[in-house]
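So you know, we letter chains A, B, ... as the sequences are listed, proteins then strands, and number each from 1.
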Amino acid sequence: MYDKEKIIPGLIVFVLIAVFPILYNRGNAGHIPNPEKPKAARECVRPVQDMRESHMQLLIDWRTDVIRDNGARYATAAGGTRYARSLQLGCMKCHDSKRKFCDECHNYAAVKPYCWDCHIEPKENM
Amino acid sequence: MIDKALKGDTRYWIWLAFLLGVMTLGGLSYVQQFKYGLGYTGMSRDVSWGVYIAQFTFLVGVAAGGVMLVLPYYLHDFKAFGRITVLGEFMAIAAVSMCLMFILADLGQPARVLNVILHPTPNSMLFWDMIVLNGYLFLNIICGWVILNAEAKEVPPPKWVKPFVYISIPWAISIHTVTAFLYAGLPGRHFWLTAIMAPRFLASAFAAGPALLLICAMAMKKYANFDPGEKAVNKLCTIISYAAIANFFFIGLEFFTAYYSNIPGHMHTLDYLFFGLEGHDNLVPFMRFSMVLGLIATIAIMVPAVRRNDRYLVITCAALFLALWIDKGVGLVLGGFVPNPLEYITEYVPTFGELMITAGIWATGFFILTILYKVALAVDRQIHG
Amino acid sequence: MDIKRRKFLKLAGLSAVAGIGAPSAFNMLLRGEVSASEGKPSGHGGGEGHGAASTTKYRYGIVIDVRKFASIKGLAGKCIKACHTIHNVPNYGNKKDEIKWVWVESYEHAFPEHSQYKRNERLHKLPILTMCNHCDNPPCVRACPTQATFKNKENGIIMMDYHRCIGCRFCMAACPYGARSFNWRNPREKDSQGRYRFLERINPDYPCRMRGVVEKCTLCVERIDRGQIPACVEATGNTGAMIFGDLNDPNSEISRVLRETFTIQRKPAVGTHPSLFYII
């Protein structure tokens with residue numbers, strides 16, 4: 001290999017820089033997200049694990065079903081709770097704080113869904 | 001082969017640096033627009049398309065104009081176009097790239113542009129426009145590049161490329177027809193609702209495209225020692241003059257239908273563009289200038305003495321190009337919104353930032369064009385010495 | 001012989017494909033126009049005057065009695081306010097950024113194709129309430145490249161999917177009624193005190209829109225689904241200035257009014273079959 005004496009140290013430096021953040025933060029899990037659960041509500045529209053994994057798909061499905069396929073605007077959960085299939089009129093009626101619920105995980109996962117560009121979070125007033 | 005674009009004299013690098021400078025300014029303006037929204041432009045509820053869509057429409061024509069070289073060369077075996085046909089194909093690549101950039105610049109939600117493919121909608125003309133424009137870009141990249149590559153290696157072009165060449169000919173017609181359909185199918189917009197929109201588009205395209213090509217070829221003749229050949233230049237002039245005549249004929253037809261039928265809706269926009277409507281006349285000087293300039297240039301290009309003099313020829317082509325640009329790249333799109341369907345008059349003036357973005361996209365197009373022409377020129381020199 | 005037969009079969013196959021495919025493709029292009037021309041006398045404005053029967057299960061429409069709006073001062077303003085407050089429609093206070101779902105138009109602008117010569121004085125002062133016509137044959141839906149605007153299969157309402165709109169504004173160019181608005185900037189921009197600059201009040205039960213998408217009247221589909229009537233109609237109270245109902249139901253009040261009263265539509269000549277009717 002030509003220029004061995006330059007390439008190999010260069011590679012080592014690169015790898016060190018690349019893994020530095022991991023090494024630096026070893027053993028530290030950081031702030032663990034802890035979304036606040038609603039106190040009054042008994043059940044969610046789907047099992048908790050389903051919601052964790054695919055609440056975003058559920059919201060998309062509700063939208064398509066309601067506006068394009070004339071799906072019902074209201075539905076009933078397994079335990080008999082009636083809910084609106086809507087972010088603003090459904091989800092946020094129980095989970096009444098965007099900051100304490102949505103943002104907890106979204107910030108942790110560094111995702112920025114654009115829901116709130118249009119939708120209005122609870123108790124948000126003029 | 002692209003490496004051939006990396007060798008050039010000082011003038012070449014200064015030109016590229018200038019273009020890059022304009023592109024940077026355009027890019028910075030686009031960042032502003034992206035952050036603020038399309039209110040950054042002069043567009044409004046009543047004039048909801050502005051300079052971007054107008055440039056897009058005009059440039060689709062420039063792209064389609066390339067077929068005026070491909071067709072005689074490949075279909076009629078017109079050998080004199082041998083050295084410049086690839087220039088036509090490369091111009092199409094640059095022009096379609098600009099079209100796509102202008103569309104993107106005009107979208108309120110550019111990040112969602114793939115929705116057009118995700119939710120294909122055959123009843124929308126914009127869906128078809130997306131297909132034909134991308135198809136045309138693809139066809140020209142294949143045809144131009146493969147054939148030039150073969151020339152550079154001094155071997156005949158591979159057989160498989162021929163079908164693409166032949167498909168590209170009707171395809172060129174299709175891109176401008178579909179673009180005309182964007183306008184010609186809208187109820188309640190009298191000025192656009194005309195069956196000769198597509199032929200009118202094609203006629204102006206077949207004049208404007210080759211005119212720009214001729215200007216480029218003449219520039220290369222002067223600065224880069226490239227000879228397009230007298231026969232080719234003459235033929236191009238003939239094509240340009242017939243297309244320009246057809247274009248002005250079609251414009252005349254629009255005037256006849258509007259004013260002889262005396263239907264107010266059909267007259268309003270022409271009134272606005274050429275005579276002023278209820279005191280609103282900010283496009284009148286441009287449109288009148290465009291007509292006069294265009295007609296003079298059309299006559300001039302038919303005069304043999306003009307054709308033989310490189311300088312006169314370039315001036316004539318530039319004049320014609322400018323005239324057609326004003327007619328289609330300004331008047332046609334903006335005029336269609338005046339008056340609006342409720343017969344209100346709202347005038348549109350582009351903002352500075354909007355013009356910077358427009359300039360930036362044009363500069364990007366010329367950047368692509370310069371690089372491609374540089375490669376073509378290097379290959380040409382290698383063959384012809 | 002063999003080669004010839006193969007050639008023939010190929011050709012026959014191709015033409016069969018073309019023969020089967022072309023008409024259906026053509027129909028797809030003309031979707032929506034088919035119903036309008038089927039077995040109906042196709043005279044001026046669709047022959048039936050009030051538009052051909054709809055293919056959707058319901059077809060909601062409104063009759064607007066302009067005489068009532070003229071006699072009751074401020075009624076149109078009440079309708080506009082009800083709509084714009086409920087739907088969080090921003091007010092920019094300038095014409096360039098303007099967004100409106102429902103607004104008042106003068107007679108000559110709402111009906112520009114009608115003769116204005118020696119018109120009754122009364123006509124020129126009439127407040128004509130205008131909004132999306134929820135056309136049976138909507139040009140905006142034809143133009144939209146993503147189906148972000150579409151005709152609801154069940155109730156015929158022309159709806160918007162703001163999540164899908166790419167902001168190309170083709171629908172705005174296509175609408176013959178100027179009913180569509182574009183979000184040229186962020187409607188929820190805040191001032192230094194953190195208050196919304198363009199929204200006086202926020203209805204927490206309805207979303208806003210974001211910049212870069214087109215919006216328009218939705219005929220209050222979200223209210224209709226809950227058994228309510230559109231907000232503007234509700235705002236007219238019991239004045240009878242607006243009558244909302246299903247045009248497909250021959251026994252509905254709106255159908256009765258249309259049978260018994262002379263009404264006009266905006267621009268019937270463009271073949272859109274509006275669902276809004278005016279008593280002048």
Side-chain angles (χ1 to χ4, degrees), chain B residues 34-50 53 103-104 106-130 182-183 185-190 192-193 263-265 268 333 336-337 339-344 346 348, chain C residues 25 28-32 92 94-100 105-106 108-113 130 139 141-148 150 161-186 210-214 266-267 269-272:
Chain B
F34 190 83
K35 282 204 262 183
Y36 180 87
L38 277 170
Y40 183 69
T41 69
M43 291 185 270
S44 62
R45 198 178 187 279
D46 283 344
V47 185
S48 49
W49 280 339
I53 292 294
I103 292 261
L104 217 55
D106 189 66
L107 290 185
Q109 290 288 341
R112 297 183 192 166
V113 65
L114 288 180
N115 278 2
V116 179
I117 297 162
L118 237 54
H119 308 285
T121 313
N123 50 288
S124 172
M125 285 302 126
L126 209 56
F127 167 76
W128 291 107
D129 218 28
M130 182 271 302
L182 292 181
Y183 302 99
L186 304 179
R189 304 273 179 192
H190 295 288
W192 293 338
L193 192 72
I263 297 174
H268 281 154
V333 175
F337 289 103
N340 81 349
L342 288 91
E343 300 203 348
Y344 282 106
T346 307
Y348 156 86
Chain C
M28 200 145 73
L29 279 169
L30 293 176
R31 198 161 56 186
Y92 292 101
N94 71 61
K95 207 160 172 265
K96 188 176 171 295
D97 295 322
E98 186 179 36
I99 291 179
K100 51 191 181 188
E105 206 52 81
S106 65
E108 49 272 44
H109 290 293
F111 300 96
E113 73 284 20
T130 40
V141 170
R142 231 170 18 233
C144 180
T146 60
Q147 293 150 54
F150 58 96
D161 182 345
Y162 304 113
H163 296 91
R164 196 186 279 189
C165 174
I166 59 171
C168 70
R169 309 188 296 297
F170 202 4
C171 55
M172 291 176 81
C175 176
Y177 306 103
R180 293 177 161 268
S181 308
F182 183 72
N183 284 277
W184 297 103
R185 54 195 294 188
N186 180 8
M210 68 195 293
R211 61 136 197 252
V213 298
V214 173
R266 290 172 70 197
K267 297 196 180 178
V270 293
T272 51

Partners passing side chain to side chain donor-acceptor pair (under 3.5 Å) against B:Tyr40 (at least two apart in sequence or in another chain): none
Interface residue of largest heavy-atom contact number with chain B, from C:Asn186, C:Thr146, C:Val214, C:Val213, under 4.5 Å: C:Thr146
Side chain, backbone, both or neither: which part of B:Tyr348 has a non-hydrogen atom closer than 4.5 Å to chain C? neither
B:Thr121 side chain to C:Pro145 backbone, donor-acceptor under 3.5 Å: yes
Contact part of B:Arg189 toward chain C, heavy-atom cut-off under 4.5 Å: side chain, backbone, both or neither? side chain
Using side-chain heavy atoms (C-beta onward) and a distance below 4.5 Å, is C:Phe182 in contact with B:Ser48? no
When heavy-atom pairs shorter than 4.5 Å are enumerated against chain C, which of B:Tyr183, B:Phe337, B:Tyr344 gives the highest number? B:Tyr344
Select one option (side chain, backbone, both, neither) describing which atoms of B:Pro264 are under 4.5 Å from chain C's heavy atoms. neither
Contact origin within C:Cys144 toward chain B - heavy atom pairs under 4.5 Å: backbone
Which atoms of B:Asn115 approach chain C - backbone, side chain, both or neither, heavy atom under 4.5 Å: both
For B:Asp129, which atoms come within 4.5 Å of any heavy atom of chain C: side chain, backbone, both, or neither? neither
With only heavy atoms counted, which part of B:Leu342 is less than 4.5 Å from chain C, the side chain, the backbone, both or neither? both
Check for a donor-acceptor pair, side chain of C:Lys96 on one end and backbone N or O of B:Gly39 on the other, with a separation under 3.5 Å. yes
With no hydrogens and no angle check, is any side-chain donor or acceptor of B:Arg112 less than 3.5 Å from a backbone partner on C:Cys165? yes
Is the C:Trp184 to B:Tyr36 ring centre distance short of 6.0 Å? no
Look at B:Gly336, B:Gly265, B:Gly108 and state which one has the largest set of heavy-atom pairs under 4.5 Å with chain C. B:Gly108
Could you pull out the closest heavy-atom pair between C:Pro176 and B:Pro341, with the gap in Å? O-CB, 3.2 Å
Heavy-atom distance under 4.5 Å between the side chains of C:Arg164 and B:Leu118, does that happen here? no
Are any of the side-chain heavy atoms of B:Asp106 and C:Arg169 separated by less than 4.5 Å? yes
Regarding B:Gln109 and C:Tyr162, is there a side-chain donor-to-acceptor distance under 3.5 Å anywhere? no
Under the rule for salt bridge (Lys or Arg N to Asp or Glu O under 4.0 Å), what residues qualify as partners of C:Arg266, not counting sequence neighbours? none
Check whether B:Met43 gets within reach of chain C through its side chain, its backbone, both or neither, counting any heavy atom under 4.5 Å. both
Heavy-atom nearest pair, B:Gly188 first then C:Val270, reads N-CG1, 4.0 Å
For B:Leu182, is it the side chain, the backbone, both or neither that has a heavy atom under 4.5 Å from a heavy atom of chain C? both
List the atom of B:Trp49, the atom of C:Cys168, and the distance in Å for their closest heavy-atom pair. NE1-O, 2.9 Å
Counting distance only, does the side-chain N/O of B:Arg45 pair as donor-acceptor with the main-chain N or O of C:Met172 below 3.5 Å? no
What part of C:Glu105 gets within 4.5 angstrom of chain B, counting heavy atoms only: side chain, backbone, both, or neither? side chain
Check whether C:Arg211 reaches the backbone of B:Lys35 with its side chain - one donor and one acceptor, N or O, closer than 3.5 Å. yes
Is it true that a side-chain atom of B:Glu343 and a backbone atom of C:Phe111 form a donor plus acceptor pair closer than 3.5 Å? no
I'd like to know if the side chain of C:Lys267 reaches the main chain of B:Pro187, judged simply by a donor and an acceptor atom lying under 3.5 Å from each other, with no hydrogens or angles considered. no
